[in-house]
Amino acid sequence: MWDHSLPLFLFTRLKFDDALMLCSDCQSGYHAPYDRFDRLATNPAGPTYLMRCKQCGALWNETSGMPVLLTRTEARWLYSLARI
């Protein structure tokens, strides 16, 4: 069920707001080796982490559940202090 306190774009998939070509590793998901990611920001309330692939620049929201591929717009909303 949708939590109305959060923006709708977190619950619907938008087209990426930048032309992003995913590397072969990111195409198959967020997985090891994890040293291919840079941690850009942390949200201690989550705890969640904004991660960027060093190969293709894909942005991932790492959580205690399944990681989610983010658009730059989503990343800016979730991690407003991060330099993306």
Side-chain angles (χ1 to χ4, degrees):
M1 177 166 244
W2 178 41
D3 177 354
H4 294 280
S5 66
L6 297 174
L8 181 60
F9 68 75
L10 292 177
F11 298 93
T12 59
R13 292 310 313 162
L14 301 175
K15 286 185 174 180
F16 281 107
D17 53 358
D18 49 349
L20 182 65
M21 297 298 293
L22 297 177
C23 65
S24 60
D25 287 331
C26 284
Q27 287 177 14
S28 62
Y30 184 88
H31 56 79
Y34 298 106
D35 62 346
R36 68 188 175 94
F37 297 98
D38 287 324
R39 183 177 291 176
L40 301 181
T42 302
N43 181 346
T48 63
Y49 307 97
L50 178 60
M51 307 296 284
R52 179 174 47 211
C53 177
K54 293 177 185 177
Q55 296 174 42
C56 67
L59 298 171
W60 291 89
N61 189 34
E62 183 182 308
T63 68
S64 59
M66 292 295 295
V68 177
L69 188 61
L70 296 177
T71 65
R72 291 176 65 86
T73 301
E74 291 168 327
R76 283 187 199 110
W77 189 86
L78 291 170
Y79 300 95
S80 59
L81 299 178
R83 298 191 75 184
I84 301 170

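All residue numbers in this chain count up from 1 along the given sequence.
Nearest heavy-atom pair, Ala75 versus Leu59, reported as atom, atom and distance to 0.1 Å: CB-CD1, 3.9 Å. The shortest non-hydrogen separation linking Leu69 to Glu74 is O-OE1, 4.1 Å. Residues Leu50 and Leu70 approach most closely at CD1-CD1, 3.9 Å, considering heavy atoms. Shortest non-hydrogen contact noted between Leu40 and Ala82 is O-CB, 4.4 Å.
Take Ser80 and apply the side-chain hydrogen bond (donor to acceptor under 3.5 Å, both in side chains) test, not counting sequence neighbours, and it matches no residue. Partners of Tyr30 by ring-ring contact (aromatic ring centres under 6.0 Å, His included), not counting sequence neighbours, listed by chain and number: Tyr34, Phe37, Trp60.
Of the inter-residue distances, the one linking Ile84 atom CD1 with Thr73 atom OG1 reads 9.0 Å to the nearest 0.5 angstrom. In this structure, Gln55 CD and Met21 CE are separated by 14.0 Å, a value rounded to the nearest 0.5 Å. Note: Thr63 OG1 to Tyr49 OH = 10.5 Å, rounded to the nearest 0.5 Å.
Judged as a salt bridge (charged side-chain N to carboxylate O under 4.0 Å, His left out), the pairs with a partner in residues 39-62 (not counting sequence neighbours) are, in order, Asp38-Lys54.
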Quiz prompt | Met51/Arg36 under side-chain contact (heavy atoms from CB on, under 4.5 Å): CA gap, chis, key distance, verdict | solution = CA-CA 10 Å; Met51 307 296 284; Arg36 68 188 175 94; over 6 Å; no
